[in-house]
Structure formats: structure tokens, C-alpha cells
S.K.: 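I'd like to ask some things about the structure below.
The residues of the chain are indexed from 1 along the displayed sequence.
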Amino acid sequence: MRLRWRGLACLCLCGVLVWFLADAGDVRADTKDALVLCARSVIPSLFPFLVISSLLLSLGFGQLTAPWLAGLMEPLFRVPGAGSAALVLGLVGGYPIGARTAADLYRESLVSREEAERLLAFCNNSNPVFLISVLGAGVFGSVRTGVWLWLIHVLSALLTGLVFRGSGNAAVRRPVARPAPFQAVRFVPALVGAVRSALSGMLSVCAFVVFFYVLARPLAALGGRPGPVLVGAVELFSLTPLLTADRFGLVLAAGAAGWGGLSVLCQTLAVLEGSGLRLRNCLLGKAVQCAFSLLLAALLAGYALG
């Protein structure tokens, strides 16, 4: 069976390679557009958050929030209070900061492996700037619509967390060695390490954005409704110019933001590399969050567009 799947994958990749060679001019132009997109949008909106999130965890943000939010995180999602760092930073910073933070919490022994993988199901979320400014104001011409998209996104993430609260061995938590609060970490070395780590993560993110942006461009040419749906399943940024400012566009925007796209999943896999965490919960979680987002957007479209 594995050999059959490998053979099919190789066949598909050969087809993609032939397409790249036959349409080299358009591929080159799409790659240039994707690099411009990274320079103008992805890097400015993501790199500072990668640095700050890494720096906050190095300086003890997880330990600081743990006692304050344990009363919410443990009964609702069955993760310790320190896990709130992944939820908060993921909702503020966007993909893939939530996943990166969950991995860092696991590396710092603030959560167990099962708890970190539970966090992956609902803490890897879209940047509110993208939802409110790019989609709301840019596509729908309304900040109010963007705020509704953000609220739908947050609510769908929390509902997904409730669905996955029983994943893994949730009934019996394995003891985790908790470091003493506020470890003596000097600011300057922590900042240098955070910038270097963010740079490495940023390179991976941009590489996947460029690759999947190029792959998604032919799907946009399909036209009608299937084209935008397929594009949204592959790469979120490529979907933006295809959205229509109507009910269908709102539902599609919400669902695509909940799913994130194959590009986001690969970005997540890149930031999880070496952590020992599996992508399974993240993949299933994004699928569940997409379903919740579609349902909520369909129910609330009248309020969001009105």
C-alpha cells in the first residue's frame, strides 16, 4: 500500500514538474508575486509576533499566566494554565505562532506531550489584522464585518478546544516537571535567541507561502464557485482577491480561515520539527474548526453583512 501511495505521489509530482516547465513564464511571475506578498504582508505581520512570542516564553510568560488562567484552561480544555500562552499568542499573532508556542511550552516542560498536542487542535489561529483589515475592510468594505469574522473565528476555535478536551489520555494527567516560576534568564541573550529562532521560522513560513501560492494560481482560473473553494483549501492569501462581498463570500472566508489551508499545515509542521509533537491533532482540529466556522458564518451572515 505504501509503495502504491509513493508511486502515485511521484506521478503527481512529475505532472507538476511538467507543468512548471511548460508554463515557466507564468510560474516565474507567480513566484515573484508570492515573494512580493511575503515582503509586503506576511513578514511585517508575522515576524514581530514570532520574536515577541518566543521572548515572552523565555522570560516566563507561561509561568506568569498559569495561576491566573488555570481555572479556565484546566476544566474547559484539560490543559494547565500555562497553555493559555499558546491560546492567547495564537489568537493575536496568527499562524503558526500558536503551534510554535505549544511546542515551546512542551520543550520547557510546562505541559505534557498529550497536553501540547491537545493545544495544537485549537490554538493555531488566524491573525485578527488579516480578518478585520484585509478581509473585513478590504474585501467586504466593512470593519464591522471583519470583527464578526474574527468573533466567528475565535468562537469556532474555542468550540474545537472543547471537542478535543478528551483527546489522548485526558482522564489521567501524567506528571510534568514544572520549572520554578520566573527563571533567571537575561534579557539580551533571550532576545538574540528569539530573533534567530523567529528568522528560521520565518524562512520556512515564506517558503511554504510561495510554493502553495504558485500551486493555487491555476485553481483560481477555474472560475465560478469551485475555483475559490479549492484555492481556499490550498492557500489562504491567494483566496483574498477571489472573494465576493456577499453571503457566499463571508461563509467561504470564515471556513477558509478556520481551515488555514495546506500551506498553514506545512508551516505548522515546519515549526514542530524536532519537538516530538505529532501533526495529527492539528490537522483534525483545523477540519473541525472549519466546520464550526462554516456553520457559524451561515447562521450569522445576516448580522455580519447587515
S.K.: Output yes when a side-chain donor or acceptor of R144 lies under 3.5 Å from a complementary backbone atom of L305, and no otherwise.
M.R.: no
S.K.: So, does R100 use its side chain to make a donor-acceptor pair with the main chain of G90 at under 3.5 Å?
M.R.: no
S.K.: Does F292 share a hydrophobic cluster with L284, counting links as ILVMFWY side-chain heavy atoms below 4.5 Å and allowing steps through other members?
M.R.: yes
S.K.: Consider only side-chain N and O atoms of Q289 and S293, and report whether a donor and an acceptor are under 3.5 Å apart.
M.R.: no
S.K.: Determine, stepwise, if the pair F208 / L262 fulfils side chain to side chain contact (heavy atoms under 4.5 Å, CB included).
M.R.: CA-CA 9 Å; F208 284 116; L262 296 179; over 6 Å; no
S.K.: D104 vs L110, test: side chain to side chain contact (heavy atoms under 4.5 Å, CB included). Steps then yes/no.
M.R.: CA-CA 9 Å; D104 287 342; L110 291 172; over 6 Å; no
S.K.: Hey, could you give me the CG/CG distance between L159 and L295, rounded to the nearest 0.5 Å?
M.R.: 9.5 Å
S.K.: Group every Ile, Leu, Val, Met, Phe, Trp and Tyr by side-chain heavy-atom contacts under 4.5 Å, then state whether L89 and V195 land in the same group.
M.R.: yes
S.K.: Could you state the interatomic distance from OG1 (T145) to CD1 (I152), rounded to the nearest 0.5 Å?
M.R.: 9.5 Å
S.K.: So, R278 side chain and E117 main chain: donor-acceptor pair closer than 3.5 Å or not?
M.R.: no
S.K.: Quick one: pull up CG in D30 and CG in L35 and give me the separation to the nearest 0.5 Å.
M.R.: 11.0 Å
S.K.: Are any side-chain N or O atoms of E108 and backbone N or O atoms of L105, one a donor and one an acceptor, separated by less than 3.5 Å?
M.R.: no
S.K.: Of all the heavy-atom pairs spanning A298 and R247, show the shortest one and how long it is.
M.R.: O-NH2, 2.6 Å
S.K.: With a 4.5 Å heavy-atom cut-off, do W148 and L131 have their side chains touching?
M.R.: no
S.K.: Is the shortest heavy-atom distance from the side chain of L87 to the side chain of L119 under 4.5 Å?
M.R.: no
S.K.: Taking the side chain as C-beta and beyond, is there a heavy-atom pair between D246 and L250 under 4.5 Å?
M.R.: no
S.K.: Considering non-hydrogen atoms only, spot the tightest contact between F140 and L149 and give its length.
M.R.: CE1-CD1, 4.1 Å
S.K.: Among V234, V264, L265, whose side-chain contact (heavy atoms from CB on, under 4.5 Å) with F212 holds?
M.R.: V234
S.K.: Is there a continuous path of hydrophobic side-chain contacts, each under 4.5 Å between heavy atoms, that joins L294 to L296?
M.R.: no
S.K.: Output, in order, the C-alpha distance, side-chain angles, deciding distance and verdict of side chain to side chain contact (heavy atoms under 4.5 Å, CB included) for R165 and L76.
M.R.: CA-CA 7 Å; R165 68 191 300 268; L76 289 178; 5.7 Å; no
S.K.: By the side-chain hydrogen bond (donor to acceptor under 3.5 Å, both in side chains) test, which pairs, at least two apart or in different chains, include something from residues 201-217?
M.R.: none
S.K.: Taking S84 for the side chain and G81 for the main chain, is one N or O donor matched with an acceptor at less than 3.5 Å?
M.R.: yes
S.K.: Within the structure provided, determine whether V139 and V134 are in side-chain contact (heavy-atom separation under 4.5 Å).
M.R.: no
S.K.: Considering all heavy atoms of both residues, which atom of A297 and which atom of V251 are nearest to each other, and what is their separation?
M.R.: CB-CA, 3.9 Å
S.K.: Taking all non-hydrogen atoms of both residues into account, name the closest pair between G260 and L236 and its distance.
M.R.: O-CB, 3.9 Å
S.K.: I want to check something: taking the side chain as every heavy atom from C-beta on, are M73 and P80 in contact at a cut-off of under 4.5 Å?
M.R.: no
S.K.: Using the ring-ring contact (aromatic ring centres under 6.0 Å, His included) rule, collect all pairs that involve residues 73-104, keeping only residues at least two apart or in two chains.
M.R.: F77-F122
S.K.: Are Y303 and F248 co-members of a hydrophobic cluster defined by side-chain heavy atoms under 4.5 Å apart?
M.R.: yes
S.K.: Indicate yes or no: at least one non-hydrogen side-chain atom of L239 is less than 4.5 angstrom from one of L252.
M.R.: yes
S.K.: Locate the shortest heavy-atom distance separating N124 from I97; write the atom from each residue and the value.
M.R.: OD1-N, 4.1 Å
S.K.: Taking atom CG of L269 and atom CG of L279, what is their separation to the nearest 0.5 Å?
M.R.: 5.5 Å
S.K.: Determine whether a donor-acceptor pair (N or O, by modelled atom type, separation under 3.5 Å) exists between the side chain of H153 and the backbone of S126.
M.R.: yes
S.K.: Which heavy-atom pair separates V209 from C38 by the least distance, and what is that distance?
M.R.: CG1-SG, 3.9 Å
S.K.: Check whether any side-chain heavy atom of V79 lies under 4.5 Å from a side-chain heavy atom of V111, and answer yes or no.
M.R.: no
S.K.: First locate atom CZ of R118, then atom OG of S112, and finally report the distance between them rounded to the nearest 0.5 Å.
M.R.: 6.5 Å
S.K.: List the steps, then state whether side chain to side chain contact (heavy atoms under 4.5 Å, CB included) holds for I43 with M202.
M.R.: CA-CA 7 Å; I43 295 175; M202 198 72 254; 4.2 Å; yes
S.K.: Quick one: are V143 and V147 in side-chain contact, heavy atoms under 4.5 Å?
M.R.: yes
S.K.: Is L72 linked to L162 within one hydrophobic cluster, defined over Ile, Leu, Val, Met, Phe, Trp and Tyr using a side-chain heavy-atom separation of less than 4.5 Å?
M.R.: yes
S.K.: If you measure from the Lys or Arg side-chain nitrogens to the Asp or Glu carboxylate oxygens, is any gap between R78 and E74 under 4.0 Å?
M.R.: no
S.K.: Measure from the side-chain N and O atoms of K286 to the backbone N and O of N281, and report whether any donor-acceptor pair falls under 3.5 Å.
M.R.: no
S.K.: Atom CG in L135, atom OG in S142: separation rounded to 0.5 Å?
M.R.: 12.0 Å
